[in-house]
Amino acid sequence: MELSELERQRAEKAARLQEAGVAPYPHRSHRTHTTVQAIAAYEAAVAADAAAPRVTVAGRVVSMRDMGRLMFAHIEDSSDRLQLFIRSNELGEDAFTLAKRTIDLGDFVEASGTMVRTRTGEISVQTETVVMLAKAITPLPIPKEVEDESGAITRFSAFADVEERYRQRYADLAVNREVRDIFRVRSRMITALRAWLDNHDYLEVETPILQPIYGGAAARPFTTYHNQLKQNLYLRISFELYLKRLLVGMYERVYEIGRDFRNEGVSYKHNPEFTQLEFYCAYTDLFGIMETVEQMLAYAAEATLGSRQITFGENTVDLTPPFRRVTLRDAIRQATDIDYVAFPTSDSLRQEMRQRGFNAASDASWGHLVDTLLGEAEPDLIQPTFVHDYPVEISPLAKQKPDDPTHVERFEMFIGGMEMGNAFTELNDPFEQEQRFMQQGRAYEAGDEEAQPMDEDYLQAMMFGMPPNGGFGLGIDRLAMLFTDHRSIRDVLLYPHLRQRDQ
RNA sequence: GGGUCGUUAGCUCAGUCUGGCAGAGCAGGGGCCUUUUAAGCCCAGGGCCACAGGUUCGAAUCCUGUACGACCCA
């Protein structure tokens, strides 16, 4: 390890401790109270007119004010901050000097003493012993901050470099408490979704991440190789086909929460690996799924945030059922004035789009052009909206509408101007499914790299009989963006993908 | 993939337009201080100005390219 000047100074302090017979990295802590518990214990003692409690607290040193033979410091644990009131009177001359000379901002320490209120009124630990728990060598960019009467915190030169925050998330989390809260909300949200599904007789399952054939979504996969089997494998792009096989196996309600991988661009709403929730339910259809999703999301919002109204940027999103329903045709008509049904070939639709000033790639299929048009409508879909009835060309796993075989029973759900989920009345006719796969194969031959490959085993499963069912896939990261009011998927991923940097 | 902007001390940033000794606050080091909370005061440090090349007597600054990132567009 090559140490910087500041790191070298701190390493010397660790050595100084060792010389004084004190371990800079002792094995154990003897904490009796979290900072929140210590404060609560003091307030309870005051209320009961009892003696102030003795505590041992532990945490990271986040501020220090050296007054000579007296010093103030704040430590922070995962519950809160607490002031240490450290005097040579209590510690004794030698211990006080050692503490002063060896403790830096960022160190983990443990302090024992009696709870007191200082002259300015702050509840503190009147420290009798202070022990190093873990010496920090690299200085953390711990900002100075001031809290006003309303509790609002003003930060001075906070650690804010976005790239460094993502690359060294541990440092970001260590110094930016509000970042820690993002991932607490994310965790509570997933817990709530899981609880809702568990309480509605859904079985949580785990299906393969390494797959011999990828499928279930329109995306390019990551490819890997199994050395011993001498076989190419793909990282899954969705769980869909494996979950629906389980309905053949007589489970009626299944779900999985896990990671999907798509070999595509990185953006504020795309990461190469992302978390997905998919569930499938037998004996229901697209419209049953809509109601299920409404109930599940309303519950998740309430359980996570205590409200169905969610602040997202300048908007307030209301997750109270029912959600708005609009056909894809109407949504696109409203946003672009184009009725794509009137332009049933890629050439005619492309011409119409270009005439009206929209971008239309020359090599795009008709289905992709419709998808491009939907992109025009997307930013305005702020309140929860089920956009339903999709062209069959871009929906090879969904069942056709009984009265219109050019369209399928499918919806995409939009909230906050983002696509959040995708659902079908699932196709369970093996002969029709085979035709759809073959059509996808032709699309692939024509250059559509996102077309879905034939999956013989999936067809075999369906040949045994698959009950009618509906299914739904939800982008967990995007829902987390909504729940935490963040605009970039990177803000809700602990370790977002970044390009590798030299050194 | 294209465009715009950014990269200067451990952190947050000036300095770049108009080329001329590398700056501030915080953090760190030495000293003073027994009720502070962005504590205060005194002293002395700390730099591959992202990287490579070019122009120039002289480049953090101008030009070209590269890397990484942010935002916008596709």
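Given the structure is predicted, the values throughout are model-derived calculations rather than measurements. Every chain is numbered from 1 and lettered A, B, ... according to where its sequence line falls, protein lines coming before strand lines.
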B:C71 and B:G31, which share atom name C1', separated by this distance in whole Å: 48 Å
Just by modelled atom types, is the A:Glu240 backbone N or O under 3.5 Å from a matching donor or acceptor in the A:Glu278 side chain? yes
For this session: Find out whether A:Ile394 and A:His368 are in side-chain contact, i.e. whether some heavy atom of one side chain is under 4.5 Å from a heavy atom of the other.
Result: no
- Query: Got a sec: does the CD of A:Glu163 have more than 12 other heavy atoms crowding it under 6.0 Å?
  - Reply: yes
Roughly how many Å apart are B:A60 and B:G20, using the C1' atom of each and rounding to a whole number? 13 Å
By the 4.0 Å heavy-atom rule, please label A:Arg167 as base, sugar-phosphate, or nothing.
sugar-phosphate
Across the strands shown, which category fits A:Asp66 at heavy-atom distances under 4.0 angstrom: base, sugar-phosphate, nothing?
base
Hey, are A:Ser365 and A:Ser346 close enough side-chain-wise for a donor-acceptor pair under 3.5 Å? no
When rounded to whole Å, the CZ to C1' distance for the pair A:Arg155 and B:C13 reads 17 Å
- Determine the interatomic distance between P on B:U66 and the same-named atom on B:U4; round to the nearest Å. 13 Å
Paired to B:A44 by Watson-Crick or G-U wobble criteria (both distances under 3.5 Å) is none
B:U4 -> Watson-Crick or G-U wobble partner, both distances under 3.5 Å, gives B:A70
Here the distance between atom C1' of B:U12 and atom CD of A:Glu164, to the nearest Å, is 14 Å
message = Tell me whether the count of non-hydrogen atoms from other residues, nucleotides or ligands lying under 6.0 Å of OH in A:Tyr268 goes above 12.
response = no
So that I know where these two stand, are A:Tyr234 and A:Phe222 an aromatic pair - ring centroids less than 6.0 Å apart?
no
Answer for the Watson-Crick or wobble partner of B:A52, both distances under 3.5 Å, is B:U64
**Message:** Any base atoms under 4.0 Å from A:Ser88, or only sugar-phosphate, or nothing? Heavy atoms, all strands.
**Reply:** base
By side chain to side chain contact (heavy atoms under 4.5 Å, CB included), A:Glu376 pairs with (sequence neighbours left out) A:Thr336, A:Phe358
- Message: Taking only the P atom of each, what is the distance from B:C17 to B:C5 in whole angstrom?
- Response: 15 Å
With no hydrogens and no angle check, is any side-chain donor or acceptor of A:Asp107 less than 3.5 Å from a backbone partner on A:Lys135?
-> no
To the nearest angstrom, the CG-P distance between A:Leu140 and B:G28 comes to 12 Å
Rounded to the nearest 0.5 angstrom, the CZ-CD distance for A:Arg184 and A:Glu178 is 11.5 Å
Sorted by chain and number, sequence neighbours left out, side chain to side chain contact (heavy atoms under 4.5 Å, CB included) with A:Ser307 holds for A:Gln309
Give each protein N/O atom lying under 3.5 Å from an N/O atom of nucleotides 45-47 of chain B, with the pair distance.
none

Of the candidates B:C68, B:C33, B:A27, the side chain of A:Lys100 sits closest to B:C33
In short, salt bridge (charged side-chain N to carboxylate O under 4.0 Å, His left out) pairs touching residues 53-74 of chain A with sequence neighbours left out are A:Arg54-A:Glu128, A:Asp66-A:Lys100, A:Arg69-A:Glu93
What are the atom names and distances for every N/O pair under 3.5 Å that joins the protein to nucleotides 36-38 of chain B?
residue : atom : partner  : partner atom : Å
B:U36   : O2'  : A:Arg65  : NE           : 3.3
B:U36   : O2   : A:Arg65  : NE           : 2.7
B:U36   : O2   : A:Arg65  : NH2          : 3.0
B:U36   : O2   : A:Gln83  : OE1          : 3.4
B:U36   : N3   : A:Gln83  : OE1          : 3.1
B:U36   : N3   : A:Gln83  : NE2          : 3.3
B:U36   : O4   : A:Gln83  : NE2          : 3.1
B:U36   : O4   : A:Thr118 : OG1          : 2.6
B:U36   : O4   : A:Thr120 : OG1          : 2.8
B:U37   : O4'  : A:Arg65  : NE           : 3.2
B:U37   : O2   : A:Glu122 : OE1          : 3.2
B:U37   : N3   : A:Glu122 : OE1          : 2.8
B:U37   : O4   : A:Thr120 : OG1          : 2.1

Pairs: protein N or O with nucleotides 72-74 of chain B N or O, under 3.5 Å:
residue : atom : partner  : partner atom : Å
B:A74   : OP1  : A:Asn359 : ND2          : 3.4

| query | Touch check for A:Leu498, heavy atoms < 4.0 angstrom, all strands: base, sugar-phosphate only, or nothing? | reply | sugar-phosphate
(message) Taking any heavy-atom pair under 4.0 Å as a contact, classify A:Ala160: base, sugar-phosphate, or nothing.
(response) sugar-phosphate
Rounded to whole Å, CG of A:Asp107 lies from P of B:G28 at a distance of 11 Å
| query | Less than 4.5 Å apart, any side-chain heavy atom of A:Met413 and any of A:Pro384? | reply | no
Let's test your reading of the model: under 3.5 Å, does the base of B:U34 pair with the side chain of A:Asn89 as donor and acceptor? yes
Mind checking the P distance from B:C51 to B:A39? Whole angstroms is fine.
34 Å
**Study point:** Rounded distance in Å between the P positions of B:G6 and B:G10
**Key:** 22 Å
Checking all strands, does A:Arg69 fall into the base, sugar-phosphate, or nothing category for heavy-atom contacts under 4.0 angstrom?
base
>> If you compare every side-chain N and O of A:Lys13 against the phosphate oxygens of B:G29 (OP1, OP2), does one of them come in below 4.0 Å?
In response: yes
key: Geometric cation-pi criterion, A:Arg487 with A:Phe312: 6.0 Å, 45°   = yes
If you measure from the P atom in B:C49 to the same atom in B:G1, how many Å do you get, rounded? 30 Å
Say you pick atom P in B:G69 and the same atom in B:G29; how far apart are they, in whole Å? 35 Å
A:Lys135 NZ to B:G28 C1', in whole Å, measures 11 Å
By nearest-nucleotide position on RNA chain B, the 5'-leaning member of A:Ile142 and A:Phe159 is A:Phe159
Separation of B:G69 atom P from A:Asp491 atom CG, nearest Å, is 15 Å
>> For the CG atom on A:Asp94, are there more than 12 heavy atoms of other groups (residues, nucleotides or ligands in this structure) within a distance under 6.0 Å?
In response: no
Rounded to whole Å, NE2 of A:His486 lies from P of B:C71 at a distance of 12 Å
Here the distance between atom P of B:G28 and atom CZ of A:Arg16, to the nearest Å, is 14 Å
